[in-house]
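Keep in mind it's a predicted model, so treat the numbers as computed, not measured.
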Amino acid sequence: GGIRYRLKVSQQINRSINMSYEVRISKQGQDDKFNVHLIHWQGNNGVSFSRAFEVSRQEADREATKQSKLFNVKITDNTK
């Protein structure tokens with residue numbers, strides 16, 4: 001019940017109108033700092049929501065995994 005049901009219904013609605021999510025890890029500047037964003041895609045247009053900013057790689061991986069599990073989406077690593 002509750003939030004799990006709403007999330008499942010939301011995912012079904014999102015698929016029917018071509019909406020999706022992605023968790024993205026990117027490098028911040030020259031330092032060993034990283035950002036984590038949740039991207040909400042609707043067709044080819046995306047809106048980025050910052051989830052972690054200028055954090056260590058370990059913290060970025062942890063936050064990306066958390067968001068990936070929460071939204072049941074893949075992680076894209078843009079640092080390679």
Salt bridge (charged side-chain N to carboxylate O under 4.0 Å, His left out) partners for Glu63, two or more places apart:
none
Once you round to the nearest 0.5 Å, how far does CZ of Phe71 lie from OG of Ser20?
12.5 Å
Restricting to side-chain hydrogen bond (donor to acceptor under 3.5 Å, both in side chains), what partner residues turn up for Gln28, sequence neighbours left out?
Asn35
Tightest non-hydrogen contact, residues Ser56 and Phe34, listed as C-CD1, 4.0 Å
Pairing residues for Ala64 by the side-chain contact (heavy atoms from CB on, under 4.5 Å) criterion, not counting sequence neighbours
Val23, Ile25, Val36, Ile75
Listed once per pair and sorted, the salt bridge (Lys or Arg N to Asp or Glu O under 4.0 Å) pairs that draw on residues 27-51, sequence neighbours left out:
Lys27-Asp32
Under 4.5 Å between any side-chain heavy atoms of Leu38 and Tyr21, yes or no?
yes
Which atom of Glu22 lies closest to which atom of Thr76, heavy atoms considered:
OE2-OG1, 2.6 Å
By side-chain hydrogen bond (donor to acceptor under 3.5 Å, both in side chains), Ser48 pairs with (sequence neighbours left out) His37
Kindly write out the residues that satisfy side-chain hydrogen bond (donor to acceptor under 3.5 Å, both in side chains) with Arg57, not counting sequence neighbours, or none if the list is empty.
Asp61, Asp77, Thr79
